[in-house]
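Structure, as structure tokens:
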4 protein chains.
Amino acid sequence: MTRASNTDLRRAQITAALRRVMARNGYDRASISDIAAEAGLTQGLVHYHFKSKLEILVAVLLDLAASQDRDLDQLLAASPDNPAAQLAAIIDLHLATGRTADPDALACWVTLSAEAIRTEEIRLVYQSVTSSLVHRLVSVIQAGVKQKVFRTATPDAAAAAIAASIQGYFVLAATNRAAIPRGSASSCVRSMVAGLLHLQRPLPTRRLRR
Amino acid sequence: MTRASNTDLRRAQITAALRRVMARNGYDRASISDIAAEAGLTQGLVHYHFKSKLEILVAVLLDLAASQDRDLDQLLAASPDNPAAQLAAIIDLHLATGRTADPDALACWVTLSAEAIRTEEIRLVYQSVTSSLVHRLVSVIQAGVKQKVFRTATPDAAAAAIAASIQGYFVLAATNRAAIPRGSASSCVRSMVAGLLHLQRPLPTRRLRR
Amino acid sequence: MTRASNTDLRRAQITAALRRVMARNGYDRASISDIAAEAGLTQGLVHYHFKSKLEILVAVLLDLAASQDRDLDQLLAASPDNPAAQLAAIIDLHLATGRTADPDALACWVTLSAEAIRTEEIRLVYQSVTSSLVHRLVSVIQAGVKQKVFRTATPDAAAAAIAASIQGYFVLAATNRAAIPRGSASSCVRSMVAGLLHLQRPLPTRRLRR
Amino acid sequence: MTRASNTDLRRAQITAALRRVMARNGYDRASISDIAAEAGLTQGLVHYHFKSKLEILVAVLLDLAASQDRDLDQLLAASPDNPAAQLAAIIDLHLATGRTADPDALACWVTLSAEAIRTEEIRLVYQSVTSSLVHRLVSVIQAGVKQKVFRTATPDAAAAAIAASIQGYFVLAATNRAAIPRGSASSCVRSMVAGLLHLQRPLPTRRLRR
DNA sequence: GATGAATGAGCATTCATTCAT
DNA sequence: GATGAATGAATGCTCATTCAT
């Protein structure tokens with residue numbers, strides 16, 4: 001009959017707050033007191049739930065990683081044995097209109113990328129996120145090659161290229177939105193994939209559920 | 001009577017120092033005293049030549065902008081009336097081995113991208129750099145379309161896609177180098193461009209000088 | 001659960017410390033670290049209780065304002081319907097021996113005057129202090145005129161003149177004490193007021209309590 | 001045949017510049033580079049002509065002292081053997097409309113008063129200025145007493161009171177101009193002097209040249 | 001769990017002064 | 001005389017972190 005712990009709720013409030021503050025100000029300029037204010041908590045409480053500021057950032061990143069893995073799992077399971085549809089779905093997951101439209105998420109991700117460069121702990125988690133995407137792309141591509149719908153001698157390189165294109169759109173969208181014709185990201189990546197994997201037919205287009 | 005000015009030298013020393021320190025620690029954690037030490041100068045002197053820390057960052061970015069424009073100008077002039085060669089040269093300029101191999105330059109650029117998100121002054125210059133690349137790509141693509149070597153209804157979107165791929169490789173190389181098979185970036189982007197612009201023949205490969 | 005606040009105590013310690021340091025060194029040369037040391041606190045704590053150095057100065061001034069208003073209220077209430085006694089009391093409040101004898105208070109006030117010239121926020125509070133004195137003088141003078149113990153066509157001007165004389169003694173006492181024969185301030189202002197308000201009899205002398 | 005020294009000109013430029021900058025920002029916030037810019041000179045040159053910042057302030061004060069002495073000499077000589085006229089002239093010199101109307105001069109003087117409190121070197125010169133005024137007032141008052149146009153047992157105290165009133169108007173005018181009815185300063189001090197020195201007739205009014 | 005006071009190191013920036021040219 | 005680069009100490013302020021309550 002001890003009082004129910006609200007630790008999970010608090011941690012979620014705090015990571016969400018960091019995401020928002022970081023989108024506005026970056027990680028270094030996101031002070032604990034900013035984060036606390038954004039979460040509607042006090043400074044001391046933030047440190048009660050997280051040992052350090054860096055730990056909050058790690059938690060944010062782990063959330064994103066889990067969320068991406070969940071999404072990819074679901075999406076691959078939706079079109080089993082259909083590499084083309086799976087590939088299209090992965091692209092849409094990241095670039096379909098509405099995705100890249102959330103400036104906070106974009107800003108947060110680009111900020112994390114920059115942070116990954118200098119903080120070992122962040123880099124490792126960040127790499128697990130990008131590697132996870134790349135590995136799944138490799139599997140899909142290999143399956144497609146086996147089915148002769150894709151043709152490439154270097155699935156690793158192709159997967160990296162697709163991941164890079166997605167990342168690149170994130171950066172461009174976050175920093176110079178006007179340079180990207182509205183709605184062009186997803187379809188351009190499909191065309192690029194067609195060249196990359198020597199497709200005979202374009203990747204299928206599916207309706208996005210929201 | 002008057003004393004010879006060494007401002008240009010000093011400013012160059014200081015911006016170079018910021019580039020190095022920023023590659024290691026990011027902009028916020030690049031303290032003026034770090035920069036001064038890296039440049040072999042005193043803190044006070046840094047502020048004598050730059051009004052503020054932000055001004056140093058702007059100077060770094062303006063240098064990169066000027067350097068990119070110079071390179072692009074030279075490169076486009078080298079293959080007049082040959083859009084395919086020009087396009088290949090632009091890709092190689094950014095992605096040929098040796099380019100993406102300089103981790104400091106990559107880290108510096110990714111850091112600037114993140115900074116562009118939150119600092120108006122940086123964003124404007126940063127956008128001028130990316131827009132400059134995009135605009136040149138648009139011109140080259142339009143020329144290629146006119147010559148019927150490229151086919152696309154949306155040169156703007158295609159140019160953005162190419163620029164995004166390049167940016168994406170920068171981020172990936174800076175954060176998760178192992179995910180990119182060595183030397184694959186440039187050739188993969190060529191394949192992607194082939195799909196994007198419906199090329200009949202692959203983009204030409206040229207020997208890199210330098 | 002919550003923790004008792006000692007903010008009021010700390011703020012009082014800090015404003016008192018600024019008063020002392022400022023009397024010695026002026027406002028600009030009263031560094032936060034001086035103030036903290038004088039208050040027996042750490043620098044960080046000073047900024048925990050005051051957002052900025054200016055805010056401490058404002059607090060000092062508001063204290064003086066409240067204190068003057070309290071004194072004037074009490075003093076006017078002590079001699080209701082007796083403008084001559086009230087006027088004498090106001091003069092004594094500011095100039096009786098013992099008042100002008102506290103060099104720290106004088107120095108602090110003169111410093112505030114100078115600061116009022118250049119800092120909007122200080123000027124506004126400072127003006128409210130002087131205006132408060134002037135307005136009370138105007139009321140007293142008008143009452144005296146009505147009772148025919150004073151005669152003047154311009155109570156505003158007379159009030160300003162009295163306030164100016166008081167201020168002037170403050171400055172002179174703070175900067176050139178030797179120029180003022182000991183104990184002469186109060187009685188000279190009484191004589192001047194007699195001329196200013198065409199008194200038939202001199203202002204009453206009362207025993208100072210305290 | 002050496003090049004004519006322009007030291008005097010330069011020193012005058014610099015002290016004038018300090019006066020203006022100080023009126024705006026106070027002494028501590030008047031940086032050498034502000035002063036240099038205001039004077040249209042370079043920072044180095046300022047230090048060529050003055051060993052230190054304090055020395056410039058001393059020079060400003062010595063200028064004011066010399067100027068006041070010159071004015072007082074001239075004015076006393078204009079009405080020999082007429083203490084009432086001399087006294088009126090002294091009051092007008094400081095308070096006649098147009099005098100207190102120069103906000104820069106007022107601000108500068110009040111700033112000097114505050115500075116005199118804490119800097120020995122300034123205090124000494126400042127005191128010589130106020131004492132010089134007081135001594136002349138004492139002489140005039142004594143002459144008037146001898147001629148039976150004034151009556152007071154304490155010429156020193158009376159002189160201090162007059163000087164204080166003048167100083168007080170300076171402070172009030174600099175900090176709370178609105179509290180002083182336009183043009184009232186000079187006439188109110190005359191009335192006060194009438195009370196202070198038991199005049200039978202008001203002090204003479206003279207037409208101001210200029 | 002929660003609060004908010006307290007700490008102390010670190011930061012960008014200012015500035016009087018010196019000095020080589 | 002004059003310039004402007006250079007210095008180094010000082011300043012107000014921020015902030016992650018600790019801790020008593």
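So you know, we letter chains A, B, ... as the sequences are listed, proteins then strands, and number each from 1.
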Open item on the list: Nearest to the side chain of A:R10, heavy atoms from C-beta on, is which of F:dA5, E:dA5, E:dA2?
Closed with: E:dA2

Open item on the list: Does E:dT7 have its OP1 or OP2 closer than 4.0 Å to a side-chain nitrogen or oxygen of C:T42?
Closed with: yes

- [ ] Provide, to the nearest angstrom, the distance between the CD1 atom belonging to B:I35 and the C1' atom belonging to E:dG10.
- [x] 14 Å

Open item on the list: Tell me whether the side-chain N/O atoms of C:N6 come closer than 4.0 Å to OP1 or OP2 in E:dA6.
Closed with: yes

TODO: Please report the closest heavy-atom contact between B:A30 and B:I35, naming both atoms and the distance.
DONE: O-CD1, 4.0 Å

Task: B:F50 CZ to F:dA6 P, straight-line distance once rounded to whole Å - done: 13 Å

TODO: Supply the atom-to-atom distance C:S33 OG to C:Q43 CD, rounded to the nearest 0.5 angstrom.
DONE: 5.0 Å

Open item on the list: Between A:E38 and A:Q13, is there a side-chain heavy-atom distance shorter than 4.5 Å?
Closed with: no

Task: A:R19/A:D104 ion pair, N-O < 4.0 Å - done: no

TODO: Treat primed atoms plus P, OP1 and OP2 as sugar-phosphate and everything else as base, then score nucleotides 14-19 of chain E 5' to 3': B for base contact with protein heavy atoms under 4.0 Å, S for sugar-phosphate contact only, - for none.
DONE: BSSBB-

Open item on the list: Can you give me the closest heavy-atom contact between C:F50 and C:E55, atom names plus distance?
Closed with: CA-OE1, 3.3 Å

Open item on the list: Between C1' on F:dT14 and CG on C:L45, what's the gap in Å once rounded to a whole number?
Closed with: 15 Å

Task: Nearest-Å distance for atom pair CD1/P, residues C:I56 and F:dT11 - done: 14 Å

Task: Distance, nearest 0.5 Å, that separates CH2 of B:W109 from CE of B:M22 - done: 10.0 Å

Open item on the list: Quick one, C:T119 and C:Y27 - any side-chain contact, counting heavy atoms below 4.5 Å?
Closed with: no

Task: Rounded (10°) bend between the five-pair end axes of the helix from E:dA2-F:dT21 to E:dT21-F:dA2 - done: 0°

Task: Atom-pair distance (CZ on A:R11; P on E:dA2), nearest Å - done: 14 Å

TODO: Show your working on side chain to side chain contact (heavy atoms under 4.5 Å, CB included) between A:L112 and A:L57 and close with a plain yes or no.
DONE: CA-CA 8 Å; A:L112 279 164; A:L57 189 63; 3.6 Å; yes

Task: Test item: C:R123 and C:I117 side chains (from C-beta on) under 4.5 Å apart, heavy atoms - done: no

